[in-house]
Amino acid sequence: MQVTDHIHAIKIPFAVSTRFVYAYLIYGKKICMIDSGISSAKEKILGYLKQTGRAPQEINLIVQTHSHADHIGLSAEIKKISGCKVAAHGAEQAWIEDIEEQYRRRPTPTFRSYVHDSTKVDWVAKDGDLLDLGDGENLKVIHTPGHSPGSISLVYPADGALFSGDAVPLAGGLPIYSDVFVMIQSLRKLQTVKGLQALFSSWHDPIQGEKVYRTMDEALAYMQKVHEVVRKENAAAPSLDSRELTIRVLMNLGLPESLLSPIVVTTIEAHQKVGQYPSILTL
Ligand SMILES: [Zn+2]
């Protein structure tokens with residue numbers, strides 16, 4: 001669906017849960033894609049381009065907010081069709097260019113069904129870079145680690161838009177990050193970006209107007225809540241291992257146990273690591 005003058009959002013549901021991911025298209029003279037979704041979304045994305053009078057060959061840049069499988073699923077294929085460049089932060093490059101390495105280090109159960117091929121990164125982006133989109137427009141790179149070391153967010157001034165990948169947790173949703181402090185710092189960095197009118201996250205439906213900044217406030221408050229639940233459950237039963245503790249935390253947050261996975265356990269362990277400094281997290 002078209003959300004702003006230039007930005008189109010494609011919602012890609014996951015087969016195994018109620019969760020989803022978004023891929024975004026910025027329509028100018030050429031097309032810039034922000035993340036490419038999962039491999040099974042090929043027909044949906046190509047169909048959307050056709051239906052809106054555009055062609056995949058017009059895509060000249062894919063920007064990866066980070067390397068996880070649900071964000072790079074179609075990058076290799078679209079690059080093959082269009083000859084586009086792929087941009088990503090240097091800290092994500094290895095996992096995009098070698099998906100087997102990513103799978104070895106982060107073996108998510110759905111990995112194989114989400115991505116099939118590695119993709120070469122042509123443009124190693126860093127904080128403050130401006131990615132030229134042609135037409136005098138650009139994307140400004142903001143390094144927002146925490147969910148992953150090289151997560152980036154992108155400001156598109158032409159439409160007052162921010163693309164945040166997985167850097168803004170969904171309040172009430174599954175918390176996934178590997179470093180609590182760094183994640184909070186990144187969220188606070190995003191809160192300082194002025195003049196935003198639209199937020200395009202991978203975990204939220206597109207958000208516009210005053211809700212943009214409120215969503216970031218809610219994300220921080222949710223991280224605080226998760227932290228308090230982890231501390232409480234940990235204190236109540238200090239002998240629990242990380243997996244058992246994570247199950248208790250999920251239940252306390254009202255999330256089903258079926259969402260338990262090693263990556264959520266990592267989040268809970270990250271909160272445990274800052275347990276002795278609770279005041280630092282207080283908002
Ligand atoms: Zn991710």
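Order of listing sets the numbers, starting from 1, for every ligand and every atom in it. In this chain, residues are counted from 1 in sequence order.
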Worksheet item: Between the side chain of His68 and the main-chain N/O of Asp70, is any donor-acceptor distance below 3.5 Å?
Response: no

Response to the item:
The expected count of protein N/O/S atoms at less than 2.8 Å from the Zn ion (ligand 1) is 4

Discussion item. How about CD on Glu257, more than 12 heavy atoms from neighbouring residues, nucleotides or ligands closer than 6.0 Å, or not?
Written reply: no

Discussion item. Testing the 3.5 Å rule here: is there a donor-acceptor pair between the side chains of Tyr156 and Thr4?
Written reply: no

Item to complete: Under the ring pair (Phe, Tyr, Trp, His ring centres under 6.0 Å) rule, what do Tyr177 and His271 come out as? Steps first, then yes or no, please.
Response: CA-CA 10 Å; Tyr177 34 84; His271 277 282; 5.4 Å; yes

Worksheet item: So, Tyr22 and Asp205: side-chain donor and acceptor under 3.5 Å apart, yes or no?
Response: yes

Worksheet item: So, Thr110 versus Ser113: side-chain donor-acceptor pair below 3.5 Å or not?
Response: no

